[in-house]
Amino acid sequence: MDTMLTQIEGVMDETALGAFGSAFRGELFRPGDGGYDEARRLYNGMIDKRPALIARCADASDVVAAVNFGRDQGLTIAVRGGGHSGAGLGSVDGGLMIDLSAMRAVDVDPARREVRVQGGCVWNDVDKATSPHGLAVPTGFISSTGVGGLTLGGGLGYLTRRYGLTIDNLLAVDIVLADGRFITASATEHADLFWAVRGGGGNFGVVTSFLFRGQPAGPTVYGGPIFWPLEHTTTVMRFWRDLMLTGPEEINGWFGFHTVPPVDMFPAEHHLKKMAVVTWCYTGDLTQAEELFRPIRDVAPAAIDFAGPIPLPTLQSLFDGLYPPGLQWYWNADFVTELTDEAIELHLQYARQLPSVHSTMHLYPINGAAHRVGRNDTAWSYREANFAQVIVGVDPDPANNARTIAWSKEYWRTLHPHSAGGAYVNMMMDEGTDRVRASYRDNYPRLAQIKAQYDPDNLFHVNQNIKPG
Ligand SMILES: Cc1cc2nc3c(=O)[nH]c(=O)nc-3n(C[C@H](O)[C@H](O)[C@H](O)COP(=O)(O)OP(=O)(O)OC[C@H]3O[C@@H](n4cnc5c(N)ncnc54)[C@H](O)[C@@H]3O)c2cc1C
């Protein structure tokens with residue numbers, strides 16, 4: 001490490017870096033070091049940032065040291081959890097990346113139904129630890145997504161209707177503040193901060209550990225994707241919308257448009273066809289599942305039907321292979337309160353133009369337990385929205401970016417007038433302050449006050465930023 005430290009050129013004070021490096025228990029990487037390029041890589045291949053220093057922390061003490069070092073050296077700090085931010089907010093050009101990816105422990109207390117998760121875990125770590133106990137923390141649809149970013153932004157997934165957002169299952173966080181203090185925030189300690197981190201993103205500090213309520217689910221559930229030819233979109237989408245608004249909370253399903261990948265698991269006659277897809281998850285009584293799915297299967301003739309009994313961790317990682325790290329990724333989002341028949345027809349128009357095999361549009365249901373929390377009870381404001389919509393232009397080849405981005409933007413512009421106005425912060429690019437305010441609405445002033453109290457100099461600003469107010 002000493003040789004590495006002497007190579008520093010100008011960005012940081014060498015003596016301070018030496019002192020920091022000698023006490024640091026994790027790994028440090030700088031441009032030119034072996035492992036630097038691997039360490040700086042983000043999920044979105046479109047984003048190519050080069051931090052001056054990457055501090056891969058071993059524990060909470062390392063995080064405290066890194067925050068103090070970055071602040072004292074005047075470095076811009078970015079915090080990397082799972083690295084999945086579409087906007088690449090886990091890294092920074094020329095600054096300090098505090099990398100939590102080595103902090104991956106999960107401890108389950110089945111008797112108390114509590115799950116302690118280190119700040120750098122991905123959801124696969126959590127699923128693997130909770131599933132043997134028949135427990136789950138509500139999470140997302142791709143298991144390589146970071147717990148850190150997903151949770152702090154809200155957290156939508158297969159269990160949202162039954163158990164609420166991920167933040168609705170959060171009991172406490174251990175967090176390193178901008179001034180280097182290490183504290184716990186919960187309903188009883190620093191309750192204002194605990195309110196803010198439930199939706200307010202990485203604005204308030206670096207979370208080294210999350211304490212969640214584990215919910216009874218699985219290990220086996222009934223679910224998986226059912227694909228319908230695009231010509232059935234109107235019928236299927238209306239049916240799915242009504243079921244998600246009125247059906248039992250044990251059933252969830254996100255709607256998407258997908259191009260059938262040309263791989264063996266799909267019948268060859270459907271390869272590269274554009275389809276309407278609902279990926280289901282039913283966590284209720286499995287003996288009732290076939291009965292419950294009969295009307296779903298009767299709605300229109302399906303092209304491919306993969307729904308059946310499946311371990312919840314398998315379902316929650318089913319799309320990992322289709323969306324590996326490194327693809328070029330551009331997305332636009334909105335919350336939707338009323339999914340009108342008119343909007344459905346517009347969706348169909350853009351589904352016909354899906355610009356690449358990976359490009360997609362998803363609508364995630366938000367109701368049931370998520371609606372039983374008030375819009376001012378946590379920082380996450382859009383409690384009355386029924387769906388989160390995200391339009392994603394994706395392709396492995398940068399040469400196709402112009403096409404996928406243009407499709408995504410135009411699709412979003414057309415549907416935006418049919419939306420609730422703001423968007424889920426976790427599915428936005430870097431879109432500026434107005435868009436962040438639109439997502440938090442009347443929670444923004446309180447968030448700004450709490451930001452002023454805990455991070456008055458906006459040290460943590462590489463995020464969907466809330467300005468100290
Ligand atoms: C393929 C894919 C699938 C997705 N599916 C879902 C889904 O099903 N449901 C859903 O709700 N969202 C989903 N998302 C969105 C996801 O929630 C966000 O991209 C989220 O920001 C990813 O978190 P991360 O830790 O991996 O990201 P990072 O890029 O590491 O971080 C994102 C932001 O969170 C901050 N952050 C991360 N960890 C911490 C921490 N421990 N302490 C403080 N700040 C931290 C970072 O500083 C940064 O501002 C998906 C994203 C992708 C790319």
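Side chains are part of it too, since the values below use all heavy atoms of this structure and drop only hydrogens, waters and symmetry mates. Counting starts at 1 for both ligands and their atoms, following the listed order.
- Residues of the protein with a heavy atom under 4.0 Å from ligand 1 are Tyr43, Val79, Arg80, Gly81, Gly82, Gly83, His84, Ser85, Leu89, Gly90, Leu100, Gly119, Gly140, Phe141, Ile142, Thr145, Gly146, Gly148, Gly149, Leu150, Leu152, Gly155, Leu156, Gly202, Gly205, Val206, Val207, Trp329, Trp331, Tyr424, Asn426, Met427, Val462, Asn463, listed by chain and number.
- The ring pair (Phe, Tyr, Trp, His ring centres under 6.0 Å) pairs that include a residue from residues 320-339 are Tyr43-Trp329, Tyr323-Trp329, Tyr323-His358, Trp329-Trp331, Phe335-Trp380, Phe335-Tyr382, where partners are two or more places apart or lie in different chains.
- The existence of a salt bridge linking Asp430 and Arg435 is excluded, since no basic side-chain nitrogen approaches an acidic carboxylate oxygen closer than 4.0 Å.
- In this structure, CD on Gln316 lies 10.5 Å from CG on Leu318, to the nearest 0.5 angstrom.
- Applying the ring-ring contact (aromatic ring centres under 6.0 Å, His included) test to Tyr454 and every residue at least two apart in sequence or in another chain returns nothing.
- For the 3.5 Å distance criterion, the side chains of His258 and His362 qualify, holding a donor opposite an acceptor.
- Among residues two or more places apart in sequence or in another chain, the ring-ring contact (aromatic ring centres under 6.0 Å, His included) test is passed with Tyr36 by none.
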